[in-house]
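Here, residue 1 is the first one in the sequence, and each next residue gets the next number. In what follows, every heavy atom counts, from backbone to side chain, and hydrogens, waters and symmetry copies are set aside.
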Amino acid sequence: MLAAADVTPAEAPSGAASAIRVTGLSKCYQIYAAPAQRLLQFVVPRLRRWLGLSPRNHYREFWALHGVDLEVMRGQTVGIIGRNGSGKSTLLQIICGTLYPTNGEVQVQGRVAALLELGSGFNPEFTGRENVFFNAGVLGQAEHVTRERFAAIEAFADIGAFIDQPVKTYSSGMLVRLAFAVIAHVDADILVIDEALAVGDAFFTQKCMRFLREFMQTGTVLFVSHDTNAVKNLCNHAIWLDQGRVRMQGTPKAVSEAYLREFYAQQGQGADPVEVVEAPETEVLGDQRLPFLNASNLRNDLQVFPHDPQAASFGTGQARITAVQLCDAAGQALAWAVGGEAVRLRIVVRAHQALTQPIVGFVVKDRLGQVLFGENTYLNYQLNPVRCEAGEELVAEFAFWMPRMPVGDYTVTASIAEGTQQDHVQHHWVFDALAFRSESSSASAGLVGLPMQDVRLAVRHMTGEEP
Ligand SMILES: Nc1ncnc2c1ncn2[C@@H]1O[C@H](COP(=O)(O)OP(=O)(O)OP(=O)(O)O)[C@@H](O)[C@H]1O
């Protein structure tokens, strides 16, 4: 695809300075059996001390973090993984200064912007607009700077007239949009993000990922995720927290693999055994197992959202993409597609000036902005370019078997360029022109499940020889 280079996380420069240093960090929560115990705890120890007796506690201690040591260097992107309750949020909250540690120390160099608890930086009674100023101010940004950036913040959040409504009327998606819009415009040095909060539609997720990947080129990112693929693809360092302790840290690949190994071992070893049913004979090209899969709850249903004519784009404007559709094999636009089935991706372009060497292309990205697959018309038409006059429409269609997509959100970026594969000018590049969501999947491994034309398992009978 004629694409901007895929951005990989920047390696921490050698000799880089420390951005976050955590030493001997522990956190003890006090657990009360009933609200009355909290009152007793407030009154009784004081009384006992006054009477000269040793104080007695009315709570149970729970140590969420035990002696955690870690260091994040400036420019690193560090992912923290761990089971529910392993202490990830507690650690991030202490690093951001919204929670006090019981023991230990945290040193942070630079301005930290965090997306941790939904709506935590907002006053629910204030409007979105007021909260932008309030929140940016808390993050250390001067009011006049926020005023200059307000239009960009409002555009990023894209919540329309809700910007002037109190945030207590917001959906959780709107809260996240506004919070992310603020942290994307406060010149933070360090971003701390709980990925579980990154709720939003595919278009917004892609917008956040574009910002994040750009930020990662120079800034420091610490983020919590349950998704080891996200950690492997975004981070250059990973930390596994287990019951409040650092169990392992190192390369995202090594840490994710160790974490998953243990996870599967605890689940009782790998996937459930599958009863093998002889695949029916079929002449149809494509995935042989499709009739079986489509009759089961493993059918890979893909909800296709309509083309977004307002999607972010750039280019000379000499030609514009007016429609992007996912169609069935007969060319009928689909609202639902099925992974493994034959589809056609149609891209319609209106030429505003004559096009002599047009190239139409697309890429499909996952929610992290990783390019999964893509294609363009160059190879097929390099020797015989299609000419299109001003005012005419150019219709490109790509026919393929839709891969079986793991559950998640995806977007299609489309482009019309002119020239050659190596040397071309972009007339219109539309980010996230189309989005689709995979609701259920049988993809067993990898970023996409390839339609398998043939899968065989044969037994070879040996004669006479010992193994
Ligand atoms: N305010 C609190 N009072 C008492 N216990 C708490 C409190 N906050 C967290 N805990 C406990 O501390 C432990 C760590 O919680 P924490 O939220 O940091 O874990 P986590 O790894 O972020 O979990 P998850 O992945 O579910 O978000 C959990 O057992 C949790 O029940």
Side-chain angles (χ1 to χ4, degrees), residues 3-10 19 72 74-79 92 96 110-116 118 120-122 128 131-132 135-136 139-141 145-146 148-159 163 172-225 227 229-231 233-236 308 310-314 363 365-371 408-413 429-433 435:
D6 194 19
V7 181
T8 48
V72 177
R74 200 176 293 164
Q76 268 189 320
T77 298
V78 175
L92 293 199
C96 295
R111 183 185 286 182
V112 182
L115 193 61
L116 286 184
L118 206 52
S120 59
F122 295 147
N131 267 301
V132 167
N135 197 214
L139 293 170
Q141 182 156 284
V145 179
T146 308
E148 282 161 18
R149 298 181 182 178
F150 189 81
I153 296 173
E154 192 178 3
F156 194 106
D158 194 18
I159 54 172
I163 194 80
S172 50
M174 287 179 191
L175 277 174
V176 170
R177 279 171 171 266
L178 194 65
F180 210 104
V182 175
I183 67 168
H185 293 87
V186 290
D187 296 335
D189 303 299
I190 302 171
L191 285 182
V192 178
I193 295 175
D194 189 339
E195 205 220 14
L197 288 183
V199 288
D201 58 33
F203 298 114
F204 184 68
T205 309
Q206 289 288 323
K207 199 189 307 188
C208 293
M209 291 314 301
R210 277 202 296 281
F211 159 74
L212 209 54
R213 284 182 184 270
E214 203 175 307
F215 181 88
M216 279 157 45
Q217 296 303 298
T218 51
T220 307
V221 181
L222 187 59
F223 95 112
V224 155
S225 179
D227 179 352
N229 275 331
V231 170
N233 290 314
L234 284 175
C235 303
N236 40 35
D308 177 10
Q310 306 299 329
S313 67
F314 67 87
V363 289
K365 298 182 190 178
D366 67 8
R367 72 193 170 88
L368 300 176
Q370 300 182 96
V371 176
D409 287 322
Y410 299 89
T411 58
V412 181
T413 290
W429 172 288
V430 188
F431 293 104
D432 317 331

To check you understand the geometry: which heavy-atom pair defines the closest contact between [X] and [Y], and what is its length?
{"X": "F223", "Y": "C235", "result": "CE2-SG, 3.2 Å"}
{"X": "A113", "Y": "V186", "result": "CB-CG2, 4.1 Å"}
{"X": "I190", "Y": "A19", "result": "CD1-O, 3.9 Å"}
{"X": "T413", "Y": "D432", "result": "OG1-N, 3.3 Å"}
{"X": "T220", "Y": "F215", "result": "O-CE2, 3.4 Å"}
{"X": "K207", "Y": "A155", "result": "NZ-O, 3.5 Å"}

Which word best sums up how the rings of F180 and F204 line up, parallel for under 30°, tilted for 30 to 60°, or perpendicular for over 60°?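 Geometry flag for F204 against F180: perpendicular rings.
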According to the interplanar angle, ranging from 0 to 90°, do the rings of F156 and H185 count as parallel (below 30°), tilted (30 to 60°) or perpendicular (above 60°)?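 Answer is perpendicular, since the angle exceeds 60°.
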Hey, could you give me the CD1/CZ distance between I153 and R177, rounded to the nearest 0.5 Å? 15.0 Å
Ignoring hydrogens and angles, tell me if any N or O in the side chain of [X] forms a donor-acceptor pair with the backbone of [Y] under 3.5 Å.
{"X": "S225", "Y": "V231", "answer": "no"}
{"X": "R111", "Y": "A188", "answer": "no"}
{"X": "N236", "Y": "Q76", "answer": "no"}

From the list L368, V78, V221, side chain to side chain contact (heavy atoms under 4.5 Å, CB included) partner of L234 resolves to L368
With side chains defined as the heavy atoms from C-beta onward, is the minimum distance between [X] and [Y] less than 4.5 Å?
{"X": "V363", "Y": "V412", "answer": "no"}
{"X": "L115", "Y": "D194", "answer": "no"}
{"X": "L139", "Y": "I183", "answer": "yes"}

Could you work out, with salt bridge (charged side-chain N to carboxylate O under 4.0 Å, His left out) as the rule, every residue matching D187, not counting sequence neighbours? R149
Trace of the side chain to side chain contact (heavy atoms under 4.5 Å, CB included) decision for L212 with L191: CA-CA 9 Å; L212 209 54; L191 285 182; 3.7 Å; yes
Step-by-step side chain to side chain contact (heavy atoms under 4.5 Å, CB included) determination, V224 to I193: CA-CA 6 Å; V224 155; I193 295 175; over 6 Å; no
